[in-house]
Amino acid sequence: MTNKEVAKILRNVAASYAIKDERKFRFQIMAYQRAADTIEHQSSEIRELYEENKLDMVPGVGSSIKSHLQELFKTGKVKHFDWVTKGVPKSLFPLLDIPTFGPKKAYRIVAELGLKDPENVINDVEKLAKKGKIASLPGFGEKSEKDILRAISEFRQKKGKTQRMVLPYAFDLAEKVVNYVKQSEAVIKAYPLGSLRRMMATVGDIDIAVATKNPIAVIKHFIAYPYKDRVIEEGSTTASILVSSGRQIDLMTQPPQSFGSLLQHFTGSKNHNIHLRDYALKKGISLSEYGIKKKVESGKLKVESFDTEEKFYNAIGMDWIPPELREDTGEVELAIQHKLPNLVELSDIKGDLHIHSDYPIEPSHDLGHDSMEQLLEKARKLNYEYLGFSEHNPSVSKHTEEKVYSILARRKEKIEQFKSNNKDVRVINLLEVDILACGHLSLNEKALSTLDAAIVAIHSSFSMDKKKMTKRIIEGLSNSKARILGHPTGRLLNQRSSFDFDFDEILDFCKKRSIALEINAWPTRLDLPDTMVRQAIQNGVKLIINTDSHAVWQMNLMKFGVAVARRGWAVKNDILNTMHYNEFIKWLKG
DNA sequence: GCCGTTTTCGGCCCGACTGTTTTCAGTCG
C-alpha cells in the first residue's frame, strides 16, 4: 500500500466525519487531514515505517491513528474506519480527488442527484452537469456548474497539482515566471517559495512572493502572463494562474515592510507554520503573513511588521530556521533553544566521486558523453580538489574475464597518467560495480585490484523480497574494495519506488565497516531520500554527495544533492567529500 | 485525535478568494 493510498483512506475518514457532524468532530477532522498530508509527503514509505515499528516518527500520527494503521497493514481494513464511513455514500470519495471538490460539495451532489456508483461517479457528474442538472440544485448556479465541468476536465488532463514536478523542472519554470513578474515596475522583490524553496524532491506548484507598494498593478501584470492557460483566482493581494504546461502558479504580495512575514508564511511547510503559530499563541501573540498581532495596553490589537524573515523569527523568540528544515520534525524546538545544526553547504564540497566519462569501457549500462579531460576541466572550474571517475563496469556477459581485466588495466594506465600530471585536481580511480542478484560483485578480485575503490550498486532484479535483498546488499558491501553504496534505495521519482530492504541492518553494517552511503544528486533519484539521510546520520553513518554525471553540464547538479543532505539535517562533518584530498583518500583506502 | 519551555488536560493557525448567499459556506494553502 503506497503512501498516497494510505493518505486517501485517512482523507476519506476525515470527509466522513465532516459529513456526519462537522462541529462535533472538527478536531478529529483536522487530525486525520494532517496525518494524511504528512503521510502523502513523507519521503519514506509508511508501510516500511510500520514494519520497522516507527509509525511514531510521523508527525500527526498519535496513539489512535497509529493503532488504526497497524490494523490496516495487518488485516487490510480498519473496524473504526468502517464505522466512521458507514452511512456515507461511497460514491463521493472519488470526487474528493478533484480540486475544488470538498466533502460538503461532493456529498450534496451525490445525495441530491442520487449517484451511487463509485466507479462511474465522475462520469455521472459530468453528464448531469452537461444536462444542466447541477445549476438547479440549491446552493449551486450556472457558474458553479461550468466550474465543475472544467475541474473534471483539468483533473483528467492531470493539470494543476495532480502531478508533481522534479526539482530542476520546477526551478526552470519558477525562474521564467519570476523573470516575467519582475518586468512590472511595481515589483520591488520577487522570490519563489513553497516546497521549491524547501528543496523538496518533488514540487506540486510554484509559489511566488512579491514585495510591492502596488499589489493591484502586480497582480494585473501577473495574470497577463503570456503562457497562461487561465486565471484560477484573482484578488486584491493574491492570485493564481494555470500555465499552458498545466502547472499552477500562486502569487502573494505584501508591502516591503512586511515582506519578511510573507516569506515565512509562503515558504511553509504547512505543519511548520501550524507549529509556529501554536507556539506563538501560547505566548499571547498571533502570526500571519501580515506580521505579529499583539494586544496593546488599550486592549486593541496591533500588527507589528517585519521586513526580513530573520527579524520575524527572532521576534517569536527563536533563531532563523533554514527552509530545508521547515517540516516540523523538531526544528522549532531547537530554534527556541538556539541549537539548530550548522548545515552543510555547496561551497563545502571538495570533490565529486561518481562521474561517467566517455572512456570506451564497453559497459553493462550507459557510457558518459564527455572525455575525462573535459570533465577534469569542469572540476577545476568548480574549485574541486579531486574527481573520481566511476564508469559502469565493463559488460561481463559480452566479455571474458581476461578481456574485462585488460580493459580495466588500460583504463588504469590512463588514469595513472592523470594522477602524475594533475596536481590541482587529483584523480581517483573508481568504478560503479553491479551487485549481482546472487550478491557477488560483477568483477573478480583481479579486475577489482586495478581500482582505488568501488561504488557498488543494484542495477537489476529489483523485486526481491526484503530478506534476500538485504543479504544481497551486505554481501556486495563485504568486498574490501566496496567503499560506497551507490543510489541505495534504487528509487526513480515519478517512475519506480525503492526496492525492499532492511535499512537498519545496512546502517549497522556500514557503520561497522566505515562504508559511506551515497546521496545521488541526479534529479529523478535524489537517493538516499532526505529522511533516510537523517536516519543514517543519527546512526553515525557517513555520506558522500555525488552527481552521477554522464556529461560536463550535469556536474552542476551537485546543489540538489546538497539540498537533500540539508533536508536530512547533515552538517559538514557528516559528508565525506567535504574533506581535503589527503583525509578523503585515507578514508577511501580504509 | 494530537500534543506539551506555563499543560498528560484542555487547548487546537490564519487568512484569501469565489459563488451564491443578502451575511456566509466551502475550499485552499
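A note on names: the letters A, B, ... follow the listed sequences, proteins ahead of strands, and every chain is numbered from 1.
Comparing the same atom, P, in B:dT5 and in B:dC13 gives a spacing of 16 Å after rounding to whole Å. The separation of B:dC17 from B:dT21, taken at their C1' atoms, amounts to 15 Å, rounded to a whole angstrom. B:dT8 and B:dC3 have their C1' atoms separated by 9 Å, with the value rounded to a whole Å.
Within the 4.0 Å cut-off from OP1 or OP2 of B:dG1, at least one side-chain nitrogen or oxygen of A:His80 is found. Using a 4.0 Å cut-off, no side-chain N or O of A:Lys105 falls inside it from OP1 or OP2 of B:dG26. Between A:Ser286 and the phosphate of B:dC14, there is a side-chain N or O to OP1/OP2 separation shorter than 4.0 Å. Of the side-chain N and O atoms in A:Thr238, none sit less than 4.0 angstrom from OP1 or OP2 of B:dG15. A:Ser240 has no side-chain polar atom (N or O) that falls below the 4.0 Å cut-off from OP1 or OP2 of B:dA16. Checking the phosphate oxygens (OP1, OP2) of B:dC14, no side-chain nitrogen or oxygen of A:Lys270 falls inside 4.0 Å. Using a 4.0 Å cut-off, some side-chain N or O of A:Tyr290 falls inside it from OP1 or OP2 of B:dA16.
Among the heavy atoms of the strands, none lies under 4.0 Å from A:Ile336. Backbone-only contact: A:Met30 has heavy atoms under 4.0 Å from sugar-phosphate atoms and none from a base. Residue contacts shown for A:Pro138 are absent, as no nucleic acid heavy atom lies under 4.0 Å away. Residue A:Asp205 is classed as having no contact, given no heavy-atom separation below 4.0 Å to the nucleic acid.
Here the side chain of A:Ser288 is nearest to one of B:dC14, B:dG1, B:dT27, namely B:dC14.
When each of A:Ile292, A:Leu262, A:Leu263 is paired with A:Phe312, the side-chain contact (heavy atoms from CB on, under 4.5 Å) condition holds for A:Ile292 and for no other.
Between A:His265 and A:Tyr290, the ring center distance fails the sub-6.0 Å criterion.
Nucleotide B:dT6 is shown with an anti base, its glycosidic torsion being more than 90° from 0.
For A:Lys133 and A:Phe140, the positive end is not near the middle of the six-membered ring at less than 6.0 Å and at most 45° from its axis.
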Could you list the donor-acceptor pairs under 3.5 angstrom formed between side-chain atoms of residues 200-207 of chain A and any protein atom two or more places apart in sequence or on another chain?
from, atom 1, to, atom 2, distance (Å)
A:Thr202, OG1, A:Arg164, NE, 2.9
A:Asp205, OD2, A:Lys161, NZ, 3.0

